[in-house]
Amino acid sequence: MHHRDLKAPASFMDVNPIIGPLNEAQREAVTAPAHEPALVLAGAGSGKTRVLVHRIAWLCAVEGLSPFGILAVTFTNKAAAEMRGRTETLLGLPPGGMWVGTFHGIAHRLLRMHHAEAELPETFQILDSDDQLRLIRRTLRALALDEKQWIPRQVQWFINARKDEGLRPGAIADTGDYARQQLVRIYAAYEEICRQSGLVDFAELLLRSVELLRDHPELLSHYRRRFRHVLVDEFQDTNALQYQWLQLLSGGEVPVFAVGDDDQSIYGWRGARVEHIQAFPRDFPRCRIYRLEQNYRSTATILKAANHLIRFNADRMGKSLWTEGEEGPPILLYGAFNERDEARFVVERIQQLVADEGLRRADVAVLYRSNAQSRLFEERLMEQGIPYRVYGGLRFFERLEIKDALAYLRLSVNRHDDASFERVVNQPTRGIGERTLQTIRDTARERGVSLWTAAELLRETGGLPTRAGNALHRFIELVEAMAEAREGLPLFEQVARVIELSGLQDHYLKEGEAGRTRVENLEELVNAARGFDFDPQIHGEMSDVDAFLAHAALEAGEGQGGRWEDCVQLMTLHAAKGLEFPVVFITGLEEGLFPNARSLDEPGRLEEERRLCYVGLTRAQRRLILSYAQSRRIYGRDHVTEPSRFLDELPSELIQDLRPPVQVRPLGRSTGTTAHSNRLRGTESAFRIGERVRHQGFGEGVIVDCEGQGASARVQVRFDGVGSKWLVLEYAGLQRVG
DNA sequence: GGTGACAGTGTTTTT
DNA sequence: CACTGTCACC
C-alpha cells in the first residue's frame, strides 16, 4: 500500500481562524514543529480540546499534512466524537481519512483489518465486562473451582490487570504463591476458551494490537509511514499497554503530540500511570514541553480554591492556574443533618437558581463520589417534578434486556456462540432448566462441539426426557426461525423480527412497571439499529449484523435513550471529567465517602481522591456549592460522619457557610483545629452527633441524629438500655457527659 | 422444572 | 438496603 501526503496549498489557507482565537501559550503548542514530539501540560479549563483541534487544523492546513496521515486517540467515545466534530467545523470539511477514536476503538479497527496476522477469526466477537465475568464463571466451572474461593470479580480484576501490564500467563513470574499460581492457571484457561471461541475482551483488544504491531515489522513500518502525526488526549490516563502502543507506533519516527494534566489523573486504580507524563520527555527524545495555565472556565474564586486544594498533593509537575475573569460569588457550603436533608437542600437550591436567576436546569450538575448516592437526589427531584438525567450507571447496551436480545441476534447469526446460547436458552423460561443444560454441556464437552451442536445431537438421539426434549426442540426451531425471518431484511428490521420472535417483550411485560421500561428499551434497540451507520473502513467485509454487534460492545451507548429535555445533570465525579457546568454541586464531602475509605490507608490513593476533588471543583464555571451530611445511612444503618478533610484544605475566606450557628454538629477529628472545624465551632451549648449526654429520665446515651434548627431543633439519642428517643433540645435539658 | 421465600453478601470509580 | 444465589416446595 502506498500513501502519499496530499500537500494542501498552504498559501490559500487563511491561518487566522486557526491561530487567531488562541492565547500565546496555546498558539505555541499548536504551532509546535510538526516533526517533533510535544507534551502539553494543560490545566483544567485551559483549552485542551481546543489546542488538539487547532493542532490538527494547523498540521493539515499549514504544514500540509493530509488528514489521512493523522491519528488522534482519546479515552471516551464522546471525546472522540467531539474532536472529530470540532475539527470538521474548523476546517470547514470532514477530515476524510483521519483516524479519530478511542484506544479501544482504534485497536479494534486494527484487529479487524489484520485479523489474520493477529490470529483471530474474521468474525471475532468483543466481550464487554459483563460477558467477561460470565465467561470467567464458566472457566471456573470448567476447572472445577469453587466460586466462593475464587471470586469471579477478583479473578476478572487479576486478568485485566495483567493484560493491562502486557502480561500473558506465561510471562507472569512464579513467586511460589499458591493463590497466584491458581489465578495464572485460571487466566490461561480463560484465554484458551477465548481463543477457541474467537472472543476478545477490552484489555485483549489493546494487548492483541500491541502484539500485532510488535510481531509484524512490515505492518508496523506500514503504519509508521502512514501516520505522520499521532495526537493523544488525556495522556495522564494511559496505562502501561497504551503507552507501549504509542511508543511502538512512534518508533522515534512519528511525532506524538500528547496533551494531559497530572492533576487530573483519576484512573490510577485501573492501571493508568501518571508517571508516563514524566517519562514522556525521556522516551520521546527532542520533545518540547508546553504549559497551558490560563483558565477560561471558572471564576477567580473557584480557581483559587482548586489551586489551594491541589497544593496539598506532593509530586506534582507544578502548574498554577490563573484567570483574568471576575471574582464571582463565594463558594457555598452546607452541612446537612443527614443524607436526606442534603438531597432536600440541593434540590431546593436548584429550584431557587432556576426561579431567581433564570438558569436552565441543564446548567446544573450534581456530582457525587459513588453511583449509589444518586438515588436520593433522584427521588427528591422526582418528587419535585424536576426533570433530570443520570449519567453513568447502567448503560444502554449493558442492560439485561438488550443483552438478551443481542444474544438472540448473535445466536441466529452464529449458532455456535456458546455464551449467547447459555444466556437465552431459557430466557424467557421455556422449560430448559439447569439439569437439561448440564446434559447439553456434558455432551458438548465429550464430543468437543458447541452447545448448539450438542443440543441438536441430543434432540436427534432422544437423549433427554420427553418434556425437556420437546422444549429444547422448540428452542432450536425458534432460533432457526429467527435466522430465516431475518433474511433479506435491513438491519433494523432484522433486530425487530428477532425481538418479536424471542418472546422477550411478553416476558418483560409480565414483570409490571420495571418490565415496561425494559420493553421500551427493546424498542429503542430497534431505533439504535436503524441509526447505526456501517463504516466500511472499520467494518470491512463484516455483515451489518456483526458490525452492529461489535458496535454494541464497544460503545456502551451513552447517547441512547437520552432525551433532549432541559435536565439537571447527575453524575459521578469521574464521569464529570472533561465537562463543565455553570453551576456545580459537589455532595457527600465526608471522610470515608470522599475521600473514600478504601483510599485512606495509602498516600498515593488519597492524593488521587484529592485530584478527583480538584476535577470536581474545576468543573464549575460560576457557582460552586459544596455539601456534606453529618449522618449518613449506609446499608440501612445510620453512621455519624465527619466533614471531608478536603473542606479543611480550601481557603476558608472563599467559603460561605450556609448554616453558621449549628445546633448540632459532628464530632471533630482529633486534630480538629483546622479552618473548617473552627468555622463549625458554634455556641457553647451546641451538641454534636456522637456525643455522650445525660437525661434526667432516660439516663445516659449517645446523640445519633438531629433535625431542625433554633427552637425546634431536635436530637435523637440512643439511651443505654432504653433505646432511641427524639428530644426537643430546648426542653430536654441534656447534659454533656465526660 | 418453575417459583417463591429466605439468607447471605457486598458496596468506588469504567474504557 | 438491595441484590444475588440457594433451597424448599409446588
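No hydrogens, no waters, no symmetry mates; every other heavy atom, side chains included, goes into these values. Lettering of chains follows the sequences in order, A, B, ..., and the numbering in each one begins at 1.
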Original post:
In whole angstrom, what separates A:Phe397's CZ from B:dT14's P?
Top reply: 19 Å
Original post:
In this structure, are over 12 heavy atoms from other groups packed under 6.0 Å from A:Arg467 atom CZ?
Top reply: no
Original post:
5'-most contact on DNA chain B: A:Ser129 or A:Asn426, nearest heavy atom basis?
Top reply: A:Asn426
Original post:
Touch check for A:Ile432, heavy atoms < 4.0 angstrom, all strands: base, sugar-phosphate only, or nothing?
Top reply: sugar-phosphate
**OP:** Between A:Glu398 and A:Gly431, name the one whose nearest nucleotide on DNA chain B is closer to the 5' end.
**Re:** A:Gly431
Original post:
How long is the line joining CG of A:Asn239 and C1' of B:dT14, in whole Å?
Top reply: 13 Å
Original post:
To the nearest Å, how far apart are A:Leu606 CG and B:dT13 C1'?
Top reply: 15 Å
Original post:
Tell me, which pairs form a ring-ring contact (aromatic ring centres under 6.0 Å, His included) where one or both residues lie in residues 131-155 of chain A, sequence neighbours left out?
Top reply: none
Original post:
A:His104 vs A:Phe202 aromatic rings, parallel, tilted or perpendicular, using cut-offs 30° and 60°?
Top reply: perpendicular
Subject >> Geometric class of the A:Tyr187/A:Phe158 ring pair [parallel <30°, tilted 30-60°, perpendicular >60°] >> reply: perpendicular
Original post:
Ignoring hydrogens and angles, are the base of B:dT13 and the side chain of A:Arg270 linked by a donor-acceptor pair under 3.5 Å?
Top reply: no
Original post:
Got a donor-acceptor contact below 3.5 angstrom from the A:Ser265 side chain to the A:Asp262 backbone?
Top reply: no
Subject >> Length of the CE-P vector between A:Met571 and B:dT14, whole Å >> reply: 11 Å
**OP:** Could you check how far CZ of A:Arg633 sits from C1' of C:dA2, rounded to whole Å?
**Re:** 14 Å
Original post:
Any side-chain N or O of A:Arg605 less than 4.0 Å from the OP1 or OP2 oxygen of B:dT13?
Top reply: no
Subject >> Sugar-phosphate only, base, or nothing, as touched by A:Asp237 at under 4.0 Å among non-hydrogen atoms >> reply: nothing
Subject >> OP1 or OP2 of B:dG1 under 4.0 Å from side-chain N/O of A:Thr436 >> reply: yes
**OP:** Can you establish whether the number of heavy atoms outside A:Arg316 located under 6.0 Å from its atom CZ is more than 12?
**Re:** yes
**OP:** Using the C1' atoms only, state how far B:dT13 lies from C:dT4, rounded to an integer number of Å.
**Re:** 22 Å
**OP:** Verify the stacking flag for A:Tyr267 against B:dT13: centroid separation must be under 5.5 angstrom and the ring planes must differ by under 30 degrees.
**Re:** no
**OP:** Check every atom of B:dT12, C:dG5, B:dT14 against the side chain of A:Asn596 and return the nucleotide holding the closest atom.
**Re:** B:dT12
**OP:** Select one nucleotide: of B:dT12, B:dT14, C:dA2, the one nearest the side-chain heavy atoms of A:Arg598.
**Re:** B:dT12
Original post:
Where the side chain of A:Trp269 is concerned, which of B:dT13, B:dG1, C:dG5 is the nearest nucleotide?
Top reply: B:dT13
Original post:
Tell me: CG of A:Leu376 to P of C:dC1, nearest whole Å?
Top reply: 12 Å
**OP:** Write down the distance between CG (A:Leu437) and C1' (B:dG2), rounded to a whole number of angstrom.
**Re:** 15 Å
**OP:** Report which part of the nucleic acid A:Arg435 touches: base, sugar-phosphate, or nothing (heavy-atom distance under 4.0 Å, all strands).
**Re:** sugar-phosphate
Original post:
Separation of A:Gln154 atom CD from B:dG10 atom P, in whole Å?
Top reply: 9 Å
